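Sequential numbering from 1 along the given sequence is applied to the chain's residues. First listed ligand is number 1; within each ligand, the first listed atom is number 1. Because the structure is a prediction, the values reported are computed rather than measured.
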Amino acid sequence: MASWILGLTGGIGSGKSAISAMFEELGIQVVDADIVAREVVEPGSTGLEKITEHFSDEILTTDGSLDRAKLRAIIFADESQKQWLNNLLHPLIRESMLAQLQQATSQYVILVAPLLFENGLDQFCDHTLLIDVPVEVQITRTTARDNISVELAKQIIASQMPRADKQQKATDTLDNNRLLSEVKIDVQKLHEKYLTLI
Ligand SMILES: CC(C)(COP(=O)(O)OP(=O)(O)OC[C@H]1O[C@@H](n2cnc3c(N)ncnc32)[C@H](O)[C@@H]1O)[C@@H](O)C(=O)NCCC(=O)NCCS
Ligand SMILES: Nc1ncnc2c1ncn2[C@@H]1O[C@H](COP(=O)(O)OP(=O)(O)OP(=O)(O)O)[C@@H](O)[C@H]1O
């Protein structure tokens with residue numbers, strides 16, 4: 001079991017997936033909160049059953065899976081609905097992530113979570129790495145990738161911890177407002193540093 005945990009965080013569209021893939025190429029296992037968040041609402045799960053009870057069948061697509069775009073539009077426009085969903089899903093996500101972290105066998109393991117600090121997941125980490133870009137870059141990359149409006153991207157960013165607060169909390173910060181080929185060189189250096197810390 002890997003006992004040293006790196007918490008990797010950053011707001012929406014900051015580049016967590018792109019950069020955690022670079023660590024995976026170096027042989028490091030990654031547990032990603034966004035992937036776990038999908039697993040806990042798969043058809044047949046208790047998570048999806050509770051969501052359907054709360055929002056009605058209207059929240060399902062025709063094949064019976066969660067209509068993520070619909071739920072996204074609801075929760076980022078209504079704070080109380082977002083709280084309801086967070087209260088349901090965050091404990092399920094945390095439990096499943098901790099189980100997956102325990103099973104990791106690489107030299108160290110990475111916990112990727114957009115809400116690492118917001119949800120106190122950093123308490124499980126030995127070290128934290130912030131993937132850092134200006135808000136304007138988050139908006140450009142998110143709207144280009146997800147087909148969502150600038151307004152919705154801004155609402156999602158506003159619901160996350162401000163960049164400056166995350167910069168203060170993180171042990172390391174990686175600037176992702178440059179070419180990924182340049183970022184990759186720093187990832188290699190960070191990896192070598194982490195190997196000396198484990
Ligand atoms: C609302 C949902 C269905 C939208 O799904 P969608 O496929 O469009 O987005 P995805 O799950 O890939 O999330 C994209 C990004 O949105 C942001 N985000 C998602 N949920 C939240 C939230 N509750 N609060 C703040 N930001 C969030 C994160 O930056 C995340 O990386 C989904 O995000 C969800 O179930 N959210 C609640 C669970 C959660 O908090 N997930 C974040 C990881 S713990
Ligand atoms: N340095 C970079 N230069 C240009 N584009 C980038 C860079 N880093 C990431 N991207 C692109 O920006 C988008 C967001 O990156 P990525 O999906 O890795 O972010 P994320 O933090 O995982 O996002 P989310 O929180 O929404 O899951 C993707 O389309 C990705 O290809």
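Within the model, atoms CG of Asp132 and OG1 of Thr173 stand 6.0 Å from one another, a figure rounded to the nearest 0.5 Å.
Proximity of Ile75 to ligand 1, defined as any heavy-atom pair under 4.0 Å, is confined to the side chain (atoms from C-beta onward).
For atom 16 (O) of ligand 1, the closest non-hydrogen atom of the protein is Ile12 CD1, 3.6 Å. Counting protein heavy atoms only, atom 31 (O) of ligand 1 is closest to Asp34 OD2, 2.7 Å. In terms of protein heavy atoms, atom 28 (C) of ligand 1 is closest to Gln160 NE2, 3.4 Å. In terms of protein heavy-atom proximity, atom 41 (N) of ligand 1 is closest to Ala37 CB, 4.1 Å. For atom 27 (C) of ligand 1, the closest heavy atom belonging to the protein is Phe76 CZ, 3.6 Å. Nearest to atom 22 (C) of ligand 1 among the protein's heavy atoms is Leu115 CD1, 3.8 Å. For atom 23 (N) of ligand 1, the closest heavy atom belonging to the protein is Asn86 OD1, 2.8 Å. Nearest protein heavy-atom contact of atom 12 (O) of ligand 1 is Arg38 NH1, 3.3 Å.
Atom NZ of Lys70 has more than 12 heavy atoms from other residues, nucleotides or ligands within 6.0 Å. Other residues, nucleotides and ligands place no more than 12 heavy atoms under 6.0 Å from the CD atom of Glu151. By the 6.0 Å contact criterion, CD on Gln168 is open, its count of non-hydrogen atoms from other residues, nucleotides or ligands being 12 or less.
Residue Ser159 places a heavy atom under 4.0 Å from ligand 1.
If you look at ligand 2, the protein residues with a non-hydrogen atom under 4.0 Å away are Gly11, Ile12, Gly13, Ser14, Gly15, Lys16, Ser17, Ala18, Asp34, Arg141, Arg145, Asn176, Arg178, Leu180.
The closest side-chain donor-acceptor pair between Asp126 and Tyr194, if any, does not fall under 3.5 angstrom. Gln29 and Thr105 share a donor-acceptor pair across their side chains, judged by distance under 3.5 Å alone. With no hydrogens or angles considered, a side-chain donor-acceptor pair links Gln100 and Glu39 at under 3.5 Å.
Close contacts between ligand 1 and Leu85 involve ligand atoms 37 (C) [criterion: under 4.0 Å to a heavy atom]. Atom numbering of ligand 1 starts at 1 in the shown order; those under 4.0 Å from a heavy atom of His90 are 39 (C), 40 (O). When each atom of ligand 1 is checked for a heavy atom of Leu89 under 4.0 Å away, the hits are 35 (O), 37 (C), 38 (C).
Looking at ligand 1, you won't find any N or O of Asn119 less than 3.5 Å from one of its N or O atoms. Between Lys82 and ligand 1, a contact under 3.5 Å exists for no N or O pair.
When the options Gln83, Arg72, Glu118, Arg68 are ranked by their closest heavy atom to atom 7 (O) of ligand 1, first place goes to Arg68.
Between Asp32 and Lys16 no salt bridge is recorded (no basic side-chain N to carboxylate O distance below 4.0 Å). Ionic pairing of Asp186 and Arg178 is present here: one or more N-O contacts between side-chain nitrogen and carboxylate oxygen are shorter than 4.0 angstrom. A salt bridge links Glu79 to Lys82: at least one charged side-chain nitrogen sits closer than 4.0 Å to a carboxylate oxygen.
The only option from Val30, Leu174, Val112 that meets the side chain to side chain contact (heavy atoms under 4.5 Å, CB included) definition with Leu8 turns out to be Val112.
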